[in-house]
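Only heavy atoms go into these numbers, but all of them, side chains included; no hydrogens, no water, no symmetry mates. A, B, ... follow the sequence lines: proteins, then strands. Residue 1 opens every chain.
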Amino acid sequence: MKPAYYVTTPIYYVNDVPHIGHAYTTVAGDVLARYKRLMGHDVYFLTGSDEHGQKVEKAATTAGETPLELADRVVKRFQALWERLGISNTDFIRTTQERHKKGVTHIFKDIMEKGDIYLGEYEDWYCTPCETFWTETQLIEDRCPDCNRPVEKLKEESYFFRMSKYQEQLLAHIEANPDFIQPKSKRNEIISFVKEGLRDLSVSRTTFTWGIPVPGNEKHIIYVWFDALTNYITALGYPEATADYQRFWPVNVHLIGKDILRFHAVYWPTFLMAAGLPLPEKVFAHGWWTVEGQKMSKSLQNVVEPNLLIDKYGVDVVRYFLLREVPFGLDGDFSHSALVQRLNSDLANDLGNLLSRSTAMAVKYFDGVLPAPGKLSDCDQALVGKTAEMVTAVDRFIDEMAFSKALQAIWDVVSAGNKYIDETAPWTLAKDPEQKERLATVMYCLLESQRIVHIILSAFMPATTVKALASLGFQKEYSGKDLAWGGLQAGTTITKAEALFPRMEG
RNA sequence: GGCAGUGUAGCUCAGUUGGCUAGAGCAAGCGACUCAUAUUCGCUAGGUCCGGGGUUCGAAUCCCUGCACUGCCA
């Protein structure tokens, strides 16, 4: 039986406009999903939308529509973007779907019955204009820290989750599982946060109605994060013990942005503990993108619209840039000049040109019919070896979520290919009929190495792989087994590749 | 204010348990080739490894201190 692999992105809030940050997480998830599928895993790749809450309710009212109408309208923007980005998700969950509401209601009720959700009172300082609650300590000179206006003490009935009860259990789990929260810097932050003490968490609101009601007390709406986080199991069919649920839970990795780490590394695991369910294997918080050196913000109007990037540069260029430019987990800067630099240098000059010069020679020297290799020389063996090492290295880097390093490892082979041509100088061999067999061997090694490169690159740049393999005459369905040397058959038709990535003016 | 972390070539960064002349990619300069998307290949960086002090035969790597920046919490 195939091993199972479950990867998720957060569900995106329908009140947001899709930007580069959403695309980043989702592309990363897609690379994992495609890579694991390639390696023979049975993959469940989940993304979706978070559609409840006060902001959506309000935005809908302003727009003169129902919240669901708004969600229906906006969710299409996300789905259309994922389609364009080549995202291969197996499911798309919306928190307004019945399957989700059913599961949330169930787990809430279950925890309540076990005694870890109780009715209490929420007492805090409320700033009416900002519609925000503040704790005593957050106030600045007894005024709202945001607008500096006076606040009033407000008491509200609320359900609480007994999060404090799980402090030690959570801490023990984090310490026993060094990879549970990544990267390490974020893990440290969570450890110190938990050590400072967990308070019980308010998990219901009465100030709005757009959400899932608390079972048995409908004037309370379940807190949006409790609602949203549960998507990771409701998508699999929870509370039913469906085949998917049994196969895929616990999840291999939740990919998230660093801004929502606490919800995933503290709230969610303790909810699961209370419900008696297994914890995620890994929560990985990636960094933020700045844009041309500045923080992305609506007021600066510098929000990068992924659709425009795709229009301008192409899907695979965008996917490549996002994962290559910055180590996953660190912040990075998006700029057009950096993207064009990557495009010209890595994609056009190195990768694209290598295929183009290689296939051109195969056509020129062998009429496009791949010759069988003869005996391999040391330098051929070196290329074979490098290619094989790369496959091993990529596997390791992918498991570490080190996408950038995985791509660098692949580029080591691309670079080795370019050097190999220089060392073997096929144009010289071609002038001497006696060297025909040597030339055949060189051409074979050169093209075979690239076949493997492009198959492994299918996780990152699926559209490019299709083109590259077509010109290499490798048209069959492929899998991880095809990452082994020797897949290209003599006699295969090689056609000169079009420029995979035309250069652009910077 | 508390805790954690960062500061290495023009830029982005690697530098394991302290040890040969401190590395990579990109950018820049020079040279070579011509199969290729004017692409590729080779050579060239003499950088106070943030400042100061200390430990050591020896520190970018350990300790102390100062400065700058970042994150989490308050």
Could you go through nucleotides 23-32 of chain B and list every protein N or O atom that sits under 3.5 Å from one of its N or O atoms, giving the distance for each pair?
{"from": "B:C26", "atom 1": "O3'", "to": "A:Gln341", "atom 2": "OE1", "distance (Å)": "3.4"}

Select base, sugar-phosphate, or nothing to describe what A:Ala360 touches, counting heavy atoms under 4.0 Å on all strands. sugar-phosphate
Check this for me, if you would: do A:Arg342 and A:Asp350 make a salt bridge, where the nitrogen-to-carboxylate-oxygen distance has to be below 4.0 angstrom? no
Considering residues, nucleotides and ligands other than A:Glu305, do more than 12 of their heavy atoms fall under 6.0 Å from its CD? yes
Go ahead and name the base partner of B:U12; Watson-Crick or wobble counts if both distances stay under 3.5 Å, otherwise write none. B:A24
Validation row: A:Met401, A:Leu255 side chains within 4.5 angstrom (heavy atoms): yes
Tell me the partner of B:G51, counting only Watson-Crick (N1-N3 plus N6-O4 or O6-N4) or G-U wobble (N1-O2 and O6-N3) with both under 3.5 Å; none if nothing fits. B:U65
Ranking A:Leu500 and A:Asn349 by the position along RNA chain B of their nearest nucleotide, the one closer to 5' is A:Leu500
Roughly, in whole Å, what's the span from NZ in A:Lys496 to C1' in B:U39? 11 Å
Regarding A:Asp200 and A:Ser164, is there a side-chain donor-to-acceptor distance under 3.5 Å anywhere? yes
Between B:C73, B:U37, B:C35, which nucleotide has the shortest distance from any of its atoms to the side chain of A:Phe193? B:C73
Between B:U55 and B:C72, how far is it from one C1' atom to the other, in whole Å? 33 Å
May I ask you to test the A:His454-A:Met461 pair for a side-chain heavy-atom distance under 4.5 Å? no
Expressed as a whole number of Å, how far does the C1' atom of B:G7 sit from that of B:A28? 25 Å
Could you give the distance separating B:A14 and B:C62 at their P atoms, to the nearest angstrom? 15 Å
Atom pair distance, as rounded to whole Å: OH in A:Tyr365 and P in B:U34: 10 Å
Quick one: is A:Arg357 getting a side-chain N or O under 4.0 Å of the B:U39 phosphate, OP1 or OP2? no
Nucleotide paired to B:G2 in any strand shown, Watson-Crick or G-U, under 3.5 Å: B:C72
Looking only at the side chain of A:Lys419 (C-beta and beyond, no hydrogens), which of the listed nucleotides B:A36, B:U39, B:C41 gets closest? B:C41
Tell me what A:Phe501 touches on the nucleic acid: a base, only sugar-phosphate, or nothing, going by heavy atoms under 4.0 Å. base
Ion pair A:Arg319/A:Asp30, N-O distance below 4.0 Å: yes
Roughly how many Å apart are B:U8 and B:G29, using the C1' atom of each and rounding to a whole number? 24 Å
Nucleotides 1-16 of chain B: protein proximity per nucleotide (B base, S sugar-phosphate only, - neither; heavy atom, under 4.0 Å): ----------------
Among all residues two or more places apart in sequence or in another chain, which pass the ring pair (Phe, Tyr, Trp, His ring centres under 6.0 Å) test with A:Tyr478? none
Can you tell me the Watson-Crick or wobble partner of B:G18, both distances under 3.5 angstrom? none
Expressed in angstrom and rounded to an integer, what is the separation of A:Lys184 atom NZ from B:U70 atom P? 24 Å
Please work out if A:Lys258 contacts a base, only the sugar-phosphate, or nothing of the nucleic acid, heavy-atom cut-off 4.0 Å. nothing
Determine the Euclidean distance between corresponding C1' atoms of B:U16 and B:C11; express it in Å to zero decimal places. 26 Å
Taking atom P in both B:G66 and B:C73, what distance in whole Å separates the two? 26 Å
For RNA chain B, whose closest nucleotide is more 5', that of A:Glu189 or that of A:Gly352? A:Gly352
Looking across every strand, which nucleic acid part, if any, lies under 4.0 Å from A:Leu354 by heavy atom: base, sugar-phosphate, or nothing? nothing
Atom pair distance, as rounded to whole Å: CG in A:Leu447 and P in B:A36: 15 Å
Answer with base, sugar-phosphate or nothing: what part of the nucleic acid does A:Lys195 contact at a heavy-atom distance below 4.0 Å? nothing
Give the rounded distance in Å between these two atoms: CD of A:Gln450 and C1' of B:U37. 14 Å
Quickly work out the A:Asn353 CG to B:U39 C1' distance and round it to whole Å. 4 Å
Taking the side chain as every heavy atom from C-beta outward, state whether A:His286 and A:Ile256 have any atom pair closer than 4.5 Å. no
Nearest whole angstrom, please: distance from the P of B:A36 to the CG of A:Asn418. 14 Å
Where the side chain of A:Ile421 is defined as all heavy atoms beyond and including C-beta, which of B:A36, B:C73, B:C35 is the nearest nucleotide? B:C35
Contacts of A:Asp311 that satisfy salt bridge (Lys or Arg N to Asp or Glu O under 4.0 Å) - sequence neighbours left out: A:Arg84
Taking only the P atom of each, what is the distance from B:C43 to B:C3 in whole angstrom? 50 Å
Quick one: which residue pairs count as a ring pair (Phe, Tyr, Trp, His ring centres under 6.0 Å) with a foot in residues 169-189 of chain A, not counting sequence neighbours? A:His173-A:Phe180
If you measure from the C1' atom in B:G51 to the same atom in B:C67, how many Å do you get, rounded? 7 Å
Residue pairs, two or more places apart or on separate chains, that pass side chain to side chain donor-acceptor pair (under 3.5 Å) and touch residues 362-390 of chain A: A:Ser377-A:Asp380, A:Ser377-A:Arg438, A:Asp380-A:Tyr420, A:Asp380-A:Arg438, A:Thr387-A:Ser449
Quick one: does any side-chain atom of A:Thr492 pair with a main-chain N or O of A:Leu488 as donor and acceptor, under 3.5 Å? no
Does B:A32 have a Watson-Crick or wobble mate here (both distances under 3.5 Å), and if so which one? B:U40
Interatomic distance, A:Met361 CE vs B:C33 C1' [rounded to whole Å]: 12 Å
Which of B:G42, B:C35, B:U40 is nearest the side chain of A:Trp427? It is B:C35
